[in-house]
Amino acid sequence: MNSSQKGKTPGQSAVVTRYLVMPDQANPSGTAFGGVIMGWIDMVAAMAAQRHCEKEVVTVSCDSINFRSPIYIGDQVILKASVNYVSHTSMEVGVLVTKENPITGKNARATTAHLTFVALDQNKKPTPVIPILPESDNEKRWYKNAELRVKARKELLKKIKLGDHNE
Ligand SMILES: CC(C)(COP(=O)(O)OP(=O)(O)OC[C@H]1O[C@@H](n2cnc3c(N)ncnc32)[C@H](O)[C@@H]1OP(=O)(O)O)[C@@H](O)C(=O)NCCC(=O)NCCS
């Protein structure tokens with residue numbers, strides 16, 4: 001596969017991986033430290049973005065992260081990342097984090113996140129990305145939702161960029 005293609009489906013670049021939560025990755029109450037989960041999310045999302053565009057990528061923003069239920073020491077953590085939407089040089093990637101108790105087999109959605117990555121050329125400058133071609137009903141829904149988020153983010157950035165010292 002290479003970037004001369006007209007585009008790729010989200011499934012062609014999706015990444016699924018699994019980690020075990022160890023005691024040194026937990027906070028004093030015995031649940032996974034949020035920063036560890038965020039690091040895993042960034043890594044798996046970056047790999048999906050890179051598989052899509054076949055270029056160097058950098059995280060430009062972590063747009064949302066929702067910790068929906070605690071993950072415990074000994075839980076297995078399954079991370080699924082796929083490209084939701086492509087603009088010009090940037091890609092929005094969605095990550096679904098599921099926790100699984102390996103003894104009972106019980107699993108539940110633990111965390112969801114959206115991140116934006118930018119593809120870079122050999123001079124480390126933003127460079128265009130091939131289109132994303134959503135195929136399944138879910139992929140089409142993720143694309144439409146991501147499009148709304150991307151547009152809203154761009155509008156917001158335009159409005160606050162001039163005045164806010166954090167931007
Ligand atoms: C990513 C980076 C190259 C973008 O540079 P830039 O000068 O802002 O480039 P542009 O203004 O041309 O924007 C490039 C794209 O990023 C998007 N973008 C920029 N800031 C953004 C933000 N805060 N949130 C979401 N998207 C953003 C733009 O909308 C544009 O997307 P598009 O081409 O698809 O429309 C630059 O900000 C950078 O190097 N950041 C550091 C990245 C990094 O070190 N990450 C952490 C480790 S991987």
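Both counts, for ligands and for their atoms, begin at 1 and track the order of listing. We count residues from 1, following the sequence as given. What you see is a predicted model, and the numbers here were worked out from it, not measured in a lab.
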- May I ask you to check whether Thr89 has an N/O atom sitting below 3.5 Å from an N/O atom of ligand 1?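 Yes, since at least one N or O of Thr89 sits under 3.5 Å from an N or O of ligand 1.
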
- Looking only at distance, does Asp63 have an N or O less than 3.5 Å from an N or O of ligand 1?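 Min N/O separation from ligand 1 is not below 3.5 Å for Asp63.
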
- Item | Selected option - heavy-atom contact closest to atom 48 (S) of ligand 1, from Asp42, Thr127, Thr59 | Thr59

For ligand 1, which atoms, with element, lie under 4.0 Å from some heavy atom of [X]?
X	result
Ser90	31 (O), 32 (P), 34 (O)
Ser61	24 (N), 25 (C)
Leu157	21 (C), 22 (C), 23 (N), 24 (N)
Ser87	34 (O)

- Message: Quick one about Asp42 and Thr59 (side-chain donor to acceptor, distance below 3.5 Å, no hydrogens or angles considered), yes or no?
- Response: yes

- Query: Regarding Arg68 and Thr112, is there a side-chain donor-to-acceptor distance under 3.5 Å anywhere?
  - Reply: yes

- Set of residues satisfying side-chain contact (heavy atoms from CB on, under 4.5 Å) with respect to Glu56, sequence neighbours excluded: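 Leu120, Lys124.
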
- Can Lys154 be said to touch ligand 1, with heavy atoms closer than 4.0 Å? yes

- Separation between CG of Asn145 and CZ of Arg149, rounded to the nearest 0.5 Å: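 Reported value, rounded in 0.5 Å steps: 6.0 Å.
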
- Message: Suppose the criterion is ring-ring contact (aromatic ring centres under 6.0 Å, His included): which pairs have a residue in residues 59-114, not counting sequence neighbours?
- Response: Tyr85-Tyr143

- Message: Check this for me: does any side-chain nitrogen of one of Glu147 and Lys144 sit under 4.0 Å from a carboxylate oxygen of the other?
- Response: no

